[in-house]
> 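Below you will find the structure I want to go over with you.
What you see is a predicted model, and the numbers here were worked out from it, not measured in a lab.
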Amino acid sequence: MTSVVRAGHLAPYFKATSSVVSNGLKPVTSVHVPSDKVIVHPQRKTSTVQSLHGSLPIQGLKASVNGRGPSQVRFAHTDIAIPDFSAYRRKETTDPTSKNAESSDGRQSFTYLIAGAGGVAGAYAAKSVVTQFVSSMAAAADVLALAKIEIKLSDIPEGKSVTFKWRGKPLFIRHRTESEIATEKAVSIDQLRDPEADEQRTQQPKWLVVIGVCTHLGCVPVANAGDFGGYYCPCHGSHYDASGRIRKGPAPLNLEVPPHTFAEEGILVVG
């Protein structure tokens with residue numbers, strides 16, 4: 001006695017008996033087929049074996065033959081429970097015959113709104129991260145405090161130049177006399193290698209603030225010296241006037257004027 005069952009991996013669950021008993025879902029029909037016409041189909045591979053096994057009506061079902069030939073057991077596809085995703089669908093698209101289901105404008109607007117809000121939130125988060133990262137590389141408060149220097153101008157006599165140290169460089173502060181101011185203002189700009197008027201280099205005419213580094217090779221000039229009564233670099237012979245402008249020698253540019261302000265009467269802040 002041979003039993004051929006169309007149930008794939010369910011064959012071990014069926015035993016040869018004298019009747020076919022259903023589990024109440026649908027009646028199962030036993031069809032007698034001659035042995036020479038029986039076709040055995042190879043088992044199909046599926047990724048949902050476990051889910052199908054749990055939904056097929058195999059409990060209490062037995063198939064058998066009564067001696068008149070092989071038998072086949074077939075299951076209808078309606079015996080398998082189909083998942084219901086209605087709870088996840090929008091109300092306006094539940095009915096496929098409704099006009100709302102055919103229109104996607106509302107769904108597109110919602111999608112664009114969510115995408116736009118996500119983009120704004122992402123940009124704000126990226127900006128915060130970049131700001132925090134850049135701020136972490138900024139100078140500390142103690143370093144910034146050393147970046148400025150306050151000088152009491154009353155300690156510098158008229159006609160003298162005093163040297164201070166600022167950011168590791170020599171800083172020249174000159175208290176100019178009226179004759180020096182008049183002389184520098186009378187200089188024609190056309191005669192200068194690096195043309196700058198005296199008014200452009202000073203905030204108050206009697207105070208000249210320059211960095212004491214020669215623009216030729218970085219030497220330190222000597223104050224109140226040279227052919228023009230300003231500064232003289234003995235290394236290569238560059239002469240600067242009382243406004244810090246190059247007048248003679250190999251230096252290409254005037255002495256640098258650092259940022260400075262007169263915070264209070266008699267107090268100079270450099271930096």
Side-chain angles (χ1 to χ4, degrees), residues 131 133-271:
T131 301
F133 178 74
V134 173
S135 299
S136 67
M137 296 187 295
D142 55 345
V143 176
L144 293 176
L146 296 175
K148 293 185 178 182
I149 182 175
E150 292 186 0
I151 300 170
K152 190 176 180 180
L153 298 177
S154 60
D155 296 338
I156 305 175
E158 187 177 9
K160 299 296 181 179
S161 179
V162 180
T163 304
F164 297 88
K165 185 177 181 180
W166 176 70
R167 295 184 181 180
K169 300 178 182 178
L171 179 68
F172 294 162
I173 299 180
R174 187 185 187 98
H175 190 175
R176 302 192 299 180
T177 62
E178 293 296 334
S179 61
E180 289 175 339
I181 296 173
T183 301
E184 300 308 327
K185 287 185 177 181
V187 174
S188 175
I189 299 180
D190 297 336
Q191 301 176 2
L192 302 176
R193 182 178 304 171
D194 185 10
E196 272 189 309
D198 184 69
E199 293 80 1
Q200 296 177 259
R201 298 180 56 79
T202 59
Q203 295 185 17
Q204 293 186 10
K206 62 180 180 179
W207 296 107
L208 174 68
V209 182
V210 294
I211 295 177
V213 176
C214 181
T215 58
H216 180 219
L217 292 177
C219 304
V220 179
V222 178
N224 296 322
D227 295 346
F228 298 90
Y231 303 93
Y232 171 68
C233 180
C235 298
H236 302 92
S238 296
H239 297 258
Y240 300 88
D241 60 17
S243 186
R245 298 173 294 191
I246 182 63
R247 302 293 295 274
K248 182 181 178 181
L253 301 173
N254 302 330
L255 294 179
E256 181 183 355
V257 178
H260 61 280
T261 57
F262 294 88
E264 301 176 5
E265 185 64 26
I267 300 297
L268 173 66
V269 179
V270 181

> How far does CD1 of Ile181 sit from CD of Glu178, to the nearest 0.5 angstrom?
4.5 Å
> With side chains defined as the heavy atoms from C-beta onward, is the minimum distance between Cys235 and Leu217 less than 4.5 Å?
no
> Just so I know, are the side chains of Phe262 and Leu153 near enough to count as touching, which here means a heavy-atom distance under 4.5 Å?
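Counting from C-beta outward, Phe262 and Leu153 do come under 4.5 Å.
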> Partners of Val257 by side chain to side chain contact (heavy atoms under 4.5 Å, CB included), sequence neighbours excluded?
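Side chain to side chain contact (heavy atoms under 4.5 Å, CB included) check on Val257 returns Arg201, Val210, His260.
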> Among residues at least two apart in sequence or on other chains, which ones pass salt bridge (Lys or Arg N to Asp or Glu O under 4.0 Å) with Glu150?
none
> Might you work through the side chain to side chain contact (heavy atoms under 4.5 Å, CB included) test for Val162 and Ile151, ending with a clear yes or no?
CA-CA 11 Å; Val162 180; Ile151 300 170; over 6 Å; no
> Once side chain to side chain contact (heavy atoms under 4.5 Å, CB included) is applied, do any residues pair with Pro195, and if so which ones, sequence neighbours excluded?
Ile189
> Going by ring pair (Phe, Tyr, Trp, His ring centres under 6.0 Å), name the residues that satisfy it together with Tyr232, two or more places apart in sequence or in a different chain.
His239
> Do you know the tightest heavy-atom contact between Phe172 and Pro221?
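Answer, listing the atom of Phe172 first, then Pro221: CZ-O, 3.6 Å.
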> State which residues pass side chain to side chain contact (heavy atoms under 4.5 Å, CB included) with Glu158; sequence neighbours excluded, sorted by chain then number.
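Partners of Glu158 by the side chain to side chain contact (heavy atoms under 4.5 Å, CB included) criterion, ordered by chain and then number, come out as His175, Thr177.
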> Salt bridge (Lys or Arg N to Asp or Glu O under 4.0 Å): which pairs involve residues 206-222, sequence neighbours left out?
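Not a single pair qualifies under salt bridge (Lys or Arg N to Asp or Glu O under 4.0 Å).
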> Using the test side chain to side chain contact (heavy atoms under 4.5 Å, CB included), find all partners of Ser135 that sit at least two apart in sequence or belong to another chain.
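Result, side chain to side chain contact (heavy atoms under 4.5 Å, CB included) vs Ser135: Thr131.
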> Which atom names give the shortest non-hydrogen contact between His236 and Pro250, and what distance separates them?
O-CD, 3.3 Å
> Between the side chain of Glu256 and the main-chain N/O of Ile211, is any donor-acceptor distance below 3.5 Å?
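Such a contact is absent between Glu256 side chain and Ile211 backbone.
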> Side chains of Thr215 and Tyr240, heavy atoms from C-beta outward: is any pair under 4.5 Å?
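Sidechains of Tyr240 and Thr215: in contact.
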> Quick test of your reading: applying salt bridge (Lys or Arg N to Asp or Glu O under 4.0 Å), list the pairs with at least one residue in residues 209-221, sequence neighbours left out, ordered by first then second residue.
none
> Quick check: do Ile246 and Pro252 have side-chain heavy atoms less than 4.5 Å from each other?
no
> Sequence neighbours excluded, which residues qualify as side chain to side chain donor-acceptor pair (under 3.5 Å) partners of Arg176?
Asp198
> Between CD1 of Ile267 and OG of Ser154, what distance do you get to the nearest 0.5 Å?
7.0 Å
> If every non-hydrogen atom of Trp207 is compared with every non-hydrogen atom of Thr202, which pair is closest and at what distance?
O-CG2, 3.6 Å
> If I take atom NZ from residue Lys148 and atom CZ from residue Arg167, how far apart are they, to the nearest 0.5 angstrom?
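Lys148 atom NZ to Arg167 atom CZ measures 9.5 Å (nearest 0.5 Å).
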> Which heavy atom of Pro170 sits nearest to which heavy atom of Val220, and what is that distance?
CG-CG2, 4.1 Å
> Only one of Glu184, Arg245, Arg247 passes side chain to side chain contact (heavy atoms under 4.5 Å, CB included) with Phe228; say which it is.
Arg247
> Please give me the minimum heavy-atom distance between Tyr231 and Asp241, naming the atom from each residue.
CD1-O, 3.9 Å
> What pairs meet the salt bridge (Lys or Arg N to Asp or Glu O under 4.0 Å) rule with one or both residues in residues 208-225, with sequence neighbours excluded?
none
> Excluding sequence neighbours, so at least two apart, what forms salt bridge (Lys or Arg N to Asp or Glu O under 4.0 Å) with Lys248?
Asp227
> Determine which pairs satisfy salt bridge (Lys or Arg N to Asp or Glu O under 4.0 Å) with at least one residue from residues 186-195, sequence neighbours left out, and list them in order.
none
> Atom OG1 of Thr163 and atom CD1 of Ile173: how far apart are they, to the nearest 0.5 Å?
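If I round to the nearest 0.5 Å, the distance is 9.0 Å.
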> Give me the atom names and distance for the closest heavy-atom approach of Leu208 to Ala242.
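Result for this residue pair: CD2-O, 3.0 Å.
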